J.: 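The following block contains the structure, expressed as structure tokens.
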2 protein chains.
Amino acid sequence: MRQAELTDSKPRLGRKRDDSRDPEILDATLDVLAEHGYDGMTIDMVAARAKAGKATLYRRWPSKPELVLDAVACMKATTLDPQSLPDTGTLRGDLIAMIKAPTLRDAERKLKVMAGIVSMIARNPELADAARDALVEPRAALNRIIFQRAVDRGEISADVDIETLIGIAPAIVAYRTLLLQKPVTREFMISTIDTVVLPAAGVRPS
Amino acid sequence: MRQAELTDSKPRLGRKRDDSRDPEILDATLDVLAEHGYDGMTIDMVAARAKAGKATLYRRWPSKPELVLDAVACMKATTLDPQSLPDTGTLRGDLIAMIKAPTLRDAERKLKVMAGIVSMIARNPELADAARDALVEPRAALNRIIFQRAVDRGEISADVDIETLIGIAPAIVAYRTLLLQKPVTREFMISTIDTVVLPAAGVRPS
DNA sequence: TATATACGGAACTCAATAGTTCCGGATATC
DNA sequence: GATATCCGGAACTATTGAGTTCCGTATATA
């Protein structure tokens, strides 16, 4: 991804590259990407927002597509640990505990980035993979744990297809945000969990 | 939308505009849009595919955004009549009867067009409205009828939120196609209906 | 201190494309 | 038949933006 130093081992001459600028530039890239989309984003915008020179960007990434690819891939790191997962003892409790204000904001930004690159995804397999790994999979992994716990404690049947279940809420949220352009509130999420996710999981409404 | 004749009433001089080219050009626009996305689409591509001159396009639409807007809006007309809706007597039967090969192909093209314009949707309210009216609403209208019938015949409770139900399948299909890049087969649709939509509607698995 | 590279910033090159204009030919009104 | 507008097609203009180069300055090695 990143432009490699020509020879990694040799102690090169001259001023060293300031690696702390990397995340700042990538973050600026995501901001511009979310606001303007892939084609609306220009390298000058990114440089300006990161208060960096264009030359600095091109010293680190060889092209716009690779910069974007790296920026998207690096969102993967921003994901919450499975450590911090709630464990309330019920599936509904766990699902609702996952709806936090910062989570919603984080998801909103990710969806805006997603919106900015969907049209490229169909034509750029590398970007498609990066987007899946950074935006879809981390959330799926958390949901997988929560549903598996529910199966283990016998709350839901072992026959249900967990892979189907973990995709329901993300699909509904993405559809609502990207296509319907409606806000995703905490109330909407709870309603979705109660009227769609839990019925699909075979949980009786209490 | 369309470039209006300067004065509609006066019988203008000269050769008349061949209105039969309009739908051909709009269809070419949708093809290119589906294949390359909004920014990847060039007017030359559209003209070439429609076997028309660029001047012909600009005589009819003032700009690229307006051409795209019109092309998207005109997909609305391609929708099936509510007349041709199946009426099998059960909700599950109706839902499954709606899955036809031509329907799936039609939906696939619409989703590719959607993918091509999502990034614009967030920044162009007119386009957002056109996309909703042409791509989301027609399908929602058909589903609304089917679910309302199920309520009327007492198959599902009158308490369920029909607006939520009609959005489930479209959301899952869009998510799978646009973000996961996985194919939507007839089997997948049936599975989705049985494991997500019908449970959310409160229909007991038979 | 000399050399090499990084930095932010500005100036530059070059390719692509939206939009315009003109062509030769077809088709309409007067 | 004269005039006006259409057609497809090609040539043209103007702008935008990716990528490069150079500047003066800062910071590293030798």
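Each chain gets a letter, A, B and so on, in the order the sequences are listed, and its residues count up from 1. Keep in mind that this is a model prediction, so the values were computed, not measured.
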J.: Hey, which of B/Glu108, B/Met98, B/Arg139 is the one that makes side chain to side chain contact (heavy atoms under 4.5 Å, CB included) with B/Thr103?
T.: B/Arg139

J.: Atom CG of B/Leu57 to atom C1' of D/dG9: distance rounded to whole Å?
T.: 13 Å

J.: Output the residues of residues 33-44 of chain A in contact with DNA chain C, where contact means a heavy atom of the residue under 4.0 Å from an atom of the strand; sort by number or write none.
T.: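 Listed by number, there are none.
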
J.: From the set D/dG8, D/dG19, C/dA4, return the single nucleotide nearest to any side-chain atom of A/Lys64.
T.: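 The answer is D/dG19.
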
J.: In terms of side-chain geometry, is the basic nitrogen of B/Arg49 or B/Asp44 positioned less than 4.0 Å from the acidic oxygen of its partner?
T.: no

J.: How close or far is atom C1' of C/dG19 from atom CG of B/Leu67, stated in whole angstroms?
T.: 13 Å

J.: Restricting to non-hydrogen atoms, name the atom on A/Ile25 and the atom on A/Val46 that form the minimum distance, rounded to 0.1 Å.
T.: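 Minimum heavy-atom separation between A/Ile25 and A/Val46: O-CG1, 4.0 Å.
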
J.: Closest approach to the side chain of A/Leu13, judged atom by atom: which nucleotide of D/dG8, C/dA4, C/dG19 is it?
T.: C/dA4

J.: Show the numbers, then the answer: is there a side-chain contact (heavy atoms from CB on, under 4.5 Å) between A/Glu137 and A/Arg144?
T.: CA-CA 10 Å; A/Glu137 262 312 311; A/Arg144 204 172 280 124; 3.8 Å; yes

J.: Ignoring the backbone of B/Arg17, work out which of C/dA6, D/dG19, D/dC6 is nearest its side chain.
T.: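 Looking only at side-chain atoms, B/Arg17 lies closest to D/dC6.
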
J.: Do B/Arg132 and B/Asp129 sit within salt-bridge range, that is, some charged N less than 4.0 Å from a carboxylate O?
T.: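 Yes, this pair counts.
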
J.: Just how far, in rounded Å, is C1' of D/dA4 from CZ of B/Arg59?
T.: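 It is 12 Å, rounded to the nearest whole Å.
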
J.: Counting side-chain heavy atoms from CB outward, which of D/dA18, C/dC22, C/dT5 is closest to B/Ala55?
T.: C/dC22

J.: Would you indicate which nucleotide in C/dG19, D/dA18, D/dG8 comes nearest to any side-chain atom of B/Tyr58?
T.: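 The nucleotide sitting nearest to the side chain is C/dG19.
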
J.: Of the listed nucleotides (C/dA18, C/dG8, D/dT20), which one gets closest to any side-chain atom of B/Lys54?
T.: C/dA18

J.: Looking at every non-hydrogen atom in both residues, tell me the closest pair between A/Ala174 and B/Tyr175 and how far apart they are.
T.: CB-CD1, 4.0 Å

J.: Within 45° of the six-membered ring axis of A/Tyr38 and under 6.0 Å from that ring's centre, is NZ or CZ of A/Lys64 located there?
T.: yes

J.: Using whole Å, report how far NZ of A/Lys16 lies from P of C/dT5.
T.: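 Distance check: A/Lys16 NZ to C/dT5 P gives 14 Å.
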
J.: Is the phosphate of C/dA26, meaning OP1 or OP2, less than 4.0 Å from a side-chain N or O of B/Arg15?
T.: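 So the side chain of B/Arg15 is outside the cut-off, no N or O lying under 4.0 Å from OP1 or OP2 of C/dA26.
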
